[in-house]
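Below: the structure, in structure tokens.
Owing to the predicted nature of the structure, the values given are computational and were not obtained by experimental measurement.
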Amino acid sequence: MIMSYFISVYATDSEPADFLVKVAGDGLKIDEEKNVTREEFVTLILKLLYGEVDFSDTIDGQQIFRDVEKNNPYYFHIKAAKQLGIIRGDLFNNFYPDRQITVTEAVVMLLNAYGYARYANAKGGYPSGYITVANEIELTKNIQFSDTVTGEIASRMLYNSLFADVVLLDTIGSEYLKSEIINGVDMLSQRFRTEKYTALVVDNGFTSLEGNSICLDDQVVIKVLNNDEYIQVYVTEPGIQNCLGSKVNVYIRYDEINDRNEIIHYTLHKSSKEVMIYSDQIIDVTDGYIEYEPSPNYFKYVKMSLEQPAPIVIYNGSIMNTYNNDIFKAKDGIVRFVDSDGNGKYELLEITSFNFRGEIDTFGYINQDQPAWNIVVDQVNLEHYFISCKLNPRQNNLDIDKENSIIRFIQNDNIESFADIEPDDIISVALSPQKINGKKLYLLAVSKKKVTSPIYSYTESSIVLKDGEYKISSALINNFKIMIQYLERLIGLLFI
């Protein structure tokens, strides 16, 4: 595998636009850069709260506003919003549909839609009462009233509205007799049957921090932090399996059709931090810290403080009770650091090494003094889980006993099974040193990336192409040297 250097810190933003689509469907897709008009915003509210309703089926009648023609593409949503008391016109019955909406106007529409109008009027009416209530229920969290309402701001306001307490309205006909705020019941749980939890990921489907793993590729286990409840839940999209040991905000929805709970969205908690580096960037390892070089020839090292008395260390899916510090220094591998509580000390270190081929030395330590187990795919046998390697097949062919093995694909969400592997793909194999529930664990990182470029410079272990420097896998270094020597003899010149 050819690798480029990187350091990554996972983002913790809640990504409200993406979340809205997952909760309410494609009707909530929003261009985050575009300014939002009044007609667009009120339509978004109705699609969020009444997504299953086809308002075009409503009986047409007198024109609702002077400036909203019946051929307006938003006409039926605007009409429904007026009938529901979400919007009203000015003294001349104008709505100004194509005017850019302000934060205050958006607040009024949302509070009317959620039944908070009475409370806003009791606190001073428009605009002060609405602003007061909006701040109280955190409708404007992370938003300034002076902000221009772009798609990003609009999606954040709609996102915030889902966590406002539900208002229960008792009615006879069209007259409201009583309204009551139901504390602790928000629109997200009532309307979308979705609950938000702050939790730790304690089992990613093959490694458990607390006992035996569930060993299921479509489920994880989380530990809810406010009550220590454990929830085993289905995963609808890949990603959270990569967050073992991290504190996350998890949104779980009950799927009535399949009678199961599913994670529809997650984000890292704001206090949680993850850093990933290549293992050969590590310069020094002590009991209290790990020091690494951010990039080649940077000559300024970074120290990562470790939780005491000792962090949890996971090597290729196995929790290591005993190890030496060389375990962190694989020639071809990645180390993931996790600080879930934000105290600046990393309490979990997850190592993915491609240099381990099952050998344990006489002291019981892992032997990583091996070329990386990298496969340039020649052929794939789906029946027997056999993959042949174009380069060095004797050493790098992969033959898996599928009845006695667990296989997980990592670092590429587009690879879900052997059927997704194609000739010329690069597979890096990380083998667990211990059996998981009696079975061998194979972590397979599949890359389909190919670069065609002149060679600008090279060393014995790296190569510079048009888009940057790449390391050469230890499994291919000898082949690379032979190729370069051949080219130098043939051409007499490498640099161009």
Test log, rule side-chain contact (heavy atoms from CB on, under 4.5 Å), inputs I240 and I263: CA-CA 9 Å; I240 196 168; I263 295 176; 3.8 Å; yes

CA sep, side-chain torsions, deciding dist, call: H265, R253, side-chain contact (heavy atoms from CB on, under 4.5 Å): CA-CA 9 Å; H265 189 68; R253 179 165 61 194; over 6 Å; no

Worked verdict on L28 versus K47 for side-chain contact (heavy atoms from CB on, under 4.5 Å): CA-CA 7 Å; L28 268 293; K47 287 184 176 180; 3.8 Å; yes

Trace of the salt bridge (Lys or Arg N to Asp or Glu O under 4.0 Å) decision for K448 with D425: CA-CA 5 Å; K448 294 180 178 290; D425 286 351; 2.6 Å; yes

Steps toward salt bridge (Lys or Arg N to Asp or Glu O under 4.0 Å) verdict (K331, D369): CA-CA 8 Å; K331 296 176 183 177; D369 191 21; 3.5 Å; yes

Residues L48, L162; criterion side-chain contact (heavy atoms from CB on, under 4.5 Å); working and verdict: CA-CA 9 Å; L48 179 63; L162 293 175; 4.1 Å; yes

Criterion salt bridge (Lys or Arg N to Asp or Glu O under 4.0 Å) on K303 and D284, from CA distance to verdict: CA-CA 9 Å; K303 284 186 177 181; D284 189 23; over 6 Å; no

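Crowding of K345 atom NZ: a count of heavy atoms from other residues, nucleotides or ligands under 6.0 Å not exceeding 12. Heavy atoms from other residues, nucleotides or ligands lying under 6.0 Å from CG of D287 number 12 at most. Around the NZ atom of K390, the shell of radius 6.0 Å holds more than 12 heavy atoms that belong to other residues, nucleotides or ligands. Under a cut-off of 6.0 angstrom, the local environment of CD in E33 is sparse, with at most 12 non-hydrogen atoms contributed by other residues, nucleotides or ligands. Other residues, nucleotides and ligands contribute more than 12 heavy atoms inside 6.0 Å of the CG atom of D401. Annotation: K34, atom NZ; neighbour count of heavy atoms from other residues, nucleotides and ligands within 6.0 Å is above 12. Within a 6.0 Å radius of NZ in K440, other residues, nucleotides and ligands contribute 12 heavy atoms or fewer.
Taking the side chain as every heavy atom from C-beta outward, T352 and R336 never approach each other to under 4.5 Å. For the pair N204/N242, no side-chain contact is recorded, criterion being any heavy-atom separation below 4.5 Å from C-beta on. Residues S453 and D467 have side chains not in contact (no heavy-atom distance under 4.5 Å, counting atoms from C-beta outward). Contact of the D165 side chain with the I182 side chain is not registered, since no non-hydrogen atoms from C-beta on lie closer than 4.5 Å. In this structure the side chain of K247 reaches within 4.5 angstrom of the side chain of L200, judged on heavy atoms. Taking 4.5 Å as the limit, every side-chain heavy atom of I264 sits out of range of all side-chain heavy atoms of I252.
Under the 3.5 Å distance criterion, with hydrogens and angles disregarded, a donor-acceptor pair is assigned to the side chains of T198 and N249. Of the N and O atoms on the side chains of Y197 and E229, not one donor lies less than 3.5 Å from an acceptor on the other residue. A donor-acceptor contact closer than 3.5 angstrom links the side chains of N343 and E307.
F19 and F163 have parallel rings, their planes meeting at less than 30° on a 0 to 90° scale where 60° marks the start of perpendicular.
Between atom OG of residue S428 and atom CG of residue L444 there is a gap of 9.5 Å, rounded to the nearest 0.5 Å. Atom CD1 in I407 sits 8.0 Å away from atom CG in L398 (nearest 0.5 Å).
Of all non-hydrogen atoms in S432 and G317, the two that sit nearest each other are OG-C, 4.5 Å.
The ring pair (Phe, Tyr, Trp, His ring centres under 6.0 Å) test with F418 singles out one residue from F386, Y442, Y385, and that residue is Y385.
The cationic group of R408 does not satisfy the cation-pi geometry with F206, failing either the under 6.0 Å distance to the six-membered ring centre or the 45° limit from the ring axis.
Distance alone, capped at 3.5 Å, is enough to place a donor-acceptor pair between the N316 side chain and the L431 backbone.
Taking the six-membered ring for Trp and the full ring otherwise, Y323 and Y315 have centroids separated by 6.0 Å or more.
Between R193 and E262, no side-chain nitrogen of the basic residue sits less than 4.0 Å from a carboxylate oxygen of the acidic one, so the salt-bridge criterion is not met.
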